[in-house]
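Worksheet: one structure, shown below.
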Amino acid sequence: MVSVRDNIMPMNRTHARRSTMLSRLAAVPLLVAALPAAVALAGSRQADTVMLNGAILVFQGIERNGGAKQPKFAQAVAIADGRIMFIGQTRKAKKYVGPATRVIDLEGRMVMPGIVDGHFHGTRLTDCEMEYEGGTVAQVLAKLQACLDRPDQAAFKGTNVRMAATHIFGEAIMPPGTALTRDDLDRLDTTRPVMVENADGHKFWMNGRAIENARIDEKTPVPPGGQIGRDASGRPNGFFADLDVGDWGQKAPVTEDSLVDVVRRTNADANRMGITSVFVPGGGEDEIARWAKIQDEGKMTLRGNLGLSASFVHGDTDVAELRAKIAALDAYKRYARGLIEVTSVKVYCDGVMEYPAQTGAMLKPYNVNAGTLEGPIWRTGTATGPVPSCSDARQGFVELDKAGWQIHVHAIGDRATREALDDFQAALEQNGARDLRHTITHLEAIDATDVPRFARLGVIASMSLQWARRDAYTVNGTKGYIDDSLYERLFPAAELWRAGGLIAGGSDYPVDPLLPFVQIETAVDHTGEAVPGVFPGALSPREAIPDLLAVIKMHTINSAYQLHQERNLGSIEVGKLADLIVLSQNLFDVPTEKISDTKVLLTMLGGKVVYSSADAGLR
Ligand SMILES: [Zn+2]
């Protein structure tokens, strides 16, 4: 599927943040055997850092099979050369304190492994940040007008230069049932082409100038998997989904410096939220080169597994051609050093399920509402989303697997998931088990018969469980459009977990604001925060995972496993890298609905502090 993200413009310089000065971080050897503490590391060595009097969460091993266990805490941890050398009692940890040791008194605070984000795109440049909110059409227009009038944008006012607004919560346009249209956008005081992108990255709205520039009209055919909204006369009404609209206006120049700077901000933004490792799906050479540049400057403060795109696998059965394209990907591996790894490719199998986009690939057709919004009458429709979803990519999956690439698949609908699993099964049958840890991400709907296949095929379920809540997407845009029996199982995490599937947490930032403790809380209770566009109550409550320790492990050791780094990262164990975070509260001491209030006070990467909150009060 084609993305609409080619419309970046110069960043607002006032957003630039002071970059953290760091000495070059130690390179990470791929596999490091955990050393038994008593034998190899204990003794007279001095630590670089010792943390005392805390509640340090310790666990071993990845999480699956629904094995609920009680959390265990240690009081103290000692760190030397970027790795953990001791875990245990405060009294014993003091033995590692020397004249040069930094001693942090945790005063009872909780420490956990740094969060490993298994699906993270990064901070973006934008002309206009809509802040993940909807609102009335008048409120939306006021926000857009304020952006158009901003000093850095005002110079473009009478031109044909694009204005791209990002992260609107388009499903939460009020009152419910209101659609944003081109006619609304044409009331803005500007001649500029305007695009407003939904936070999900799949839907967008354009004003008349943008639609004219893109040469989309009554006669434009709708490409497979895409969507063009039309009014009664067939005229495009301004709504689009999963469509490459081509040239919709003049691009303002973007400097390479501003693009590198946004990667620096990405690192700082992640660290501030307690994230120490990320998987970035489907970037490209330019993006990887920018990460490499900041690493060379000594300013990379995140471990980054940077993915490539392999959308070329769709519709291609020519083995020689596929092998040539796959071999060309090897060139990107030259960037893999230090904190950067390049092991993975992304393939889209569908789009999103919500009405009116409905680009998610479904086994059964979407229902259509033959009644009204208040009095719906549901009838079985004919549309099932893109056909094929990923069955046309089978040969490509087999060849990527054979070449050793880890495949990261976007699948939302139950048919997309099935076709992806079928492709992975074909690869397994032809190439044997390769331990590549292929991953399917998003997984809003899975047919019950496909759930056990994850464990059987060794396919990881990467889930963004902050979506498992009753909101404008899952209620207004989904309920009724699919059968109730499927709706009651949306985001079937508990089924996967109990069937031995490995779930790895991912934020999908910036599709949502970066809030890992909201992710963790919502995975436990499937209930959203009280914000506009989010409704009370739990979505598919039987699919929640009522085990906080299991959910924490999904966001640390399990996602480290997805990144092939579980021997190095993802838990606090002697011999592992000291990627740790100190929290404002013990997650196990507060009611579930307060987990999202957690603040990160300090983030440590390989034993070095990469973020420290001003009000941490840590000495
Ligand atoms: Zn994503």
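Both ligands and their constituent atoms are indexed starting at 1 by order of listing. Just the heavy atoms: all of them, side chains too, but no hydrogens, waters or symmetry mates, feed the values below.
The ring-ring contact (aromatic ring centres under 6.0 Å, His included) analysis of residues 384-404, with sequence neighbours excluded, yields the pairs Phe397-Phe424.
With sequence neighbours left out, Tyr366 forms a ring pair (Phe, Tyr, Trp, His ring centres under 6.0 Å) with no residue at all. For Trp205, the ring pair (Phe, Tyr, Trp, His ring centres under 6.0 Å) partners two or more places apart in sequence, or in a different chain, are Phe239.
Salt bridge status for Arg394 with Asp392: absent, with no side-chain N to carboxylate O gap under 4.0 Å.
Excluding waters, the set of protein N, O or S atoms lying under 2.8 Å from the Zn ion (ligand 1) comprises His119 NE2, His121 NE2, Asp508 OD1.
In terms of modelled atom types and a separation under 3.5 Å, the side chain of Ser389 and the main chain of Pro386 share no donor-acceptor contact. When atom types are taken as modelled, the side chain of Arg489 and the backbone of Ile446 share a donor-acceptor pair closer than 3.5 angstrom.
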